[in-house]
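As the structure is a computational prediction, the values presented were derived from the model and not from experiment. Atoms within each ligand, like the ligands themselves, are counted from 1 in listed order. The residues of the chain are indexed from 1 along the displayed sequence.
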Amino acid sequence: MDNFATDIKKYLEKIFGNTIDEASERQIYQALMVITRDRLAEKRFESNKKLKESQQKRVYYMSMEFLVGKTLRNNLYNLGYEDEIKHFLAKHGFSLERIYNIEPDPGLGNGGLGRLASCYMDALTSNDYPIMGFSILYEFGIFKQVISDGWQQEYPDNWLDLGRYGLLYRNDEEIEVKFYGNTKEEWSSEGLHIRYEDYTAIKAEPYDLFISGYDSDTVNVLRLWKSKATGGFNMKLFEKGEYSKSLESEAIAESISKLLYPADDNDNGKALRIKQQYFFTSASLQQIVKNHYDTYMTLDNFAEKVVIHINDTHPSMCIPELMRILMDEYEYSWDKAWSITTKTFAYTNHTIMAEALEKWSVDLFQPILPRIYTIIREINNRFCKWCNDIGAAGELDEMSIIHNNVIRMANLCIVSSYSVNGVSMLHTEILKKDTFKSFNRIYPGKFINVTNGIAHRRWLGQANPELTRYLNKLLGVDFIKDLSSIDKLLEYQDDKAVLEDLENIKNIKKLQLAEYIKSSTAIKVDTNSIFDVQIKRLHEYKRQLLNALHIIYLYRMIKFNGLKPYPRTFIFSAKASSGYVMAKNIIKLICSISEIIEADPIVREYIKVVFLEDYRVSLAEKIIPAANVSEQISQAGKEASGTGNMKLMLNGAVTLGTMDGANVEIHNAVGQDNIFIFGLSSEEVEELFKNDYRAIDYYNNNQDIKETIDFMRTLDNGHTNFNYIADYLVSTDPYMCLADFESYKNTQKIVEDTYQDKGKWNKMSLVNIAKSGIFSADRATKEYVEKIWKIEKIK
Ligand code: F58
């Protein structure tokens, strides 16, 4: 550590010509980022040496998204330097907390899927497993959300400005990726050769982000590819005076890694997205194959040494790309290449929503990737023939990869992978019984479940140091190392002093959040009120609208019917995909309710609504430790798993939820008495859907619903009214908010009553913390290791 302090001083002298006492916070930040990165690079060298020597099997994790969150705190925490650096900086008048705040959140993901990938990288590294992540170095991550007059506005997130210091550019490992052009088949005495002509080549530049592990010698790498034109601008055109044209191809090349598509749970087939997917999968596959060949001088043993994990279908072009490399570059026959390929890939599905299952029109796809297309077509032809042979031809409408001139990427993944997994018990059951039932029949045993897990070191250890310190002292077990040991807390479920201590810690976190709320929204919230939290992407199926409807119901009852509920603060935070009109309207509705309540001296004594803008990992880290109630109210059968539900539980929030995704497993873990479950089950939802759900009947037959919706129509603050949303709720809403309203409202009342019994509530909260062990990413990744990847720790 002495060295670390010396390194900081040296860096400041060398780069800025400053002593530490003359330095600015910005300079200290840069010094810490660079020195930490270099320390990790040194550690990486050592752990990579061991890995090379052992020649063990490795996992490559392909994901279009890694929502890494801030890295500096995580790295110093993992390396065990945090306290000493804090004291060293304090001696010179700096606050480490303020330095941490300078780092932007690398917003390289949209939501749950991207955050899961990062939780898994962290957990696997802490447990010494060899994993390398691959993705794109998006110049602009997920947009910055600003709420202006209640409307979401999107601003570019130029995270690299300050975020780049954590990255190491590996100019020695650049790779070329080819688009467009034609392929020619040439036969010679040695067999068939594919010649690729008139293609456009784009350079992939690798940038490495080191992933540290907690109390571990292992350092893994997340490799992010940046696109570049191969030859800079076109000199000939430039000389001819055609300046703008000369820069055109460069602009196209660089647009590939320009920005992350901010669409969540829907697939908007864009040519640029195809290019992004192929760009990063091709660069990564070429890299992986080269590494393997350099080590073993053969690819015959590829599948014994390599697992490639596909995080949803977005990286599925890895599959035809491996086939292409094996056949066109290493001259393998189709059968041999296919045999290697189908032993290499494993695929995780994260959604059953039809609109989120990726499909590409052949007309769009084929010209961009002609060779990849012919390979997919051949995989499909052979698959269809095989289905004929085994008597499954009747199910090809559901299973063929190309159907009605559309390529179904999930089908490609299922046919080509040796393992397919869902992310919660319920989700996997739905995949097997419904979404992919024919596949499940012809591939018995291929579908398995691995329930999601979260990086508790970040979500408890770093986000809630107060609770962590307390539990450490109380339990005397190292639950940060092994979260399953946290169940020792159950011994204290009837210990009044412990329950009060937990309540006090929750209050400290609520106070901290209240200060943040005040500084960012000017709303003053009462920390004695129930902090009721719904934080996640804004989507109709997640039903923020159901929550809002209930708040409108309460508002009306307080204002006109003398209801005096126990005070509650409803906290929302969510980004809406930029083209998603209904989602943006729901944000506007929530913000308007917030405003109307603030302006009402009676109602605001009981309920408040806060919408915190720009939801991101670092904001989640502030909100989650302060939550009392965790709203997980998606329509049953729609949320594949959820992971926010696990983070909130770990921090002592009690779930109010439907029997959906991992809520089902939280319910099993904590038992009926420690969770608030309401609403239709996924089977009941299916049934009601088949029998023609008629929202209007709920409106006509339920007085509370009728009055609430009628009242909603009168909420008109200035130029906005919400007739549009009211009409939707009583007519087309496929997520059936009205069908679950009565049950939700009643359960909300039970939540309110229970909270007032402090002893009972604190005990529920304790049980939730104690039972969160199974939701650790350590457990989840161990299942991947044992059930799917069959890899060992670095020796
Ligand atoms: C999420 N999916 C699921 N997709 O919705 C959630 O239930 C689950 O817990 C989580 O994955 C992890 O398994 C998700 O976040 C996306 O963000 C995609 C991004 C690209 C476009 C399609 C949606």
Query raised in the report: Is the charged tip of Lys575 near the ring of Phe143: under 6.0 Å from the six-membered ring centre and within 45° of its axis?
Result: yes
**Report entry** Subset of ligand 1 atoms that lie under 4.0 Å from at least one heavy atom of Gly642
**Finding:** 6 (C), 7 (O), 8 (C), 9 (O)
Requested in this report: Establish, for the pair Arg223 and Trp225, whether the NZ or CZ atom is under 6.0 angstrom from the six-membered ring centre and no further than 45 degrees off its axis.
Outcome: yes
Query raised in the report: What atoms in ligand 1 come closer than 4.0 Å to a heavy atom of Gly112?
Result: 10 (C), 11 (O), 12 (C), 15 (O)
Report task. Only one of Arg543, Gln748, Gln544 passes side chain to side chain donor-acceptor pair (under 3.5 Å) with Glu631; say which it is. Result -> Gln748
Query raised in the report: Using a heavy-atom cut-off of under 4.0 Å, does the side chain or the backbone of His314 touch ligand 1, or both, or neither?
Result: side chain
Requested in this report: Would you mind listing which atoms of ligand 1 come within a distance below 4.0 Å of any non-hydrogen atom of His350?
Outcome: 3 (C), 11 (O), 12 (C), 13 (O)
Query raised in the report: Parallel, tilted or perpendicular: which describes the rings of Phe439 and Tyr443, with under 30° parallel and over 60° perpendicular?
Result: parallel
Requested in this report: Report the part of Asn452 (side chain from C-beta onward, or backbone N, CA, C, O) that has a heavy atom under 4.0 Å from ligand 1; answer both or neither where that applies.
Outcome: side chain
Report summary line: For Glu65, the ligand 1 atoms with a heavy-atom partner under 4.0 Å come out as 19 (C), 20 (C)
**Report entry** Side chain, backbone, both or neither: the part of Arg537 lying under 4.0 Å from ligand 1 by heavy atom
**Finding:** neither
Query raised in the report: Which of the atoms of ligand 1 are close to Glu639, meaning less than 4.0 Å from one of its heavy atoms?
Result: 3 (C), 5 (O), 6 (C), 7 (O)
Query raised in the report: What is the distance from atom CD1 of Ile587 to atom CZ of Phe611, rounded to the nearest 0.5 Å?
Result: 4.0 Å
Query raised in the report: Which ligand 1 atoms are under 4.0 Å away from a heavy-atom of Ala640?
Result: 7 (O)
Report task. With Gln632 as reference, evaluate Lys542, Lys536, Glu639 under the side chain to side chain donor-acceptor pair (under 3.5 Å) test and give the passing residue. Result -> Lys536
Report summary line: Counting from 1 in the order shown, the ligand 1 atoms closer than 4.0 Å to a non-hydrogen atom of Arg273 are 20 (C)
Requested in this report: Could you tell me which atoms of ligand 1, counted from 1 in the order shown, lie closer than 4.0 angstrom to a heavy atom of Tyr541?
Outcome: 5 (O)
Query raised in the report: Does the ring centre of Tyr784 sit less than 6.0 Å away from the ring centre of Tyr120?
Result: yes
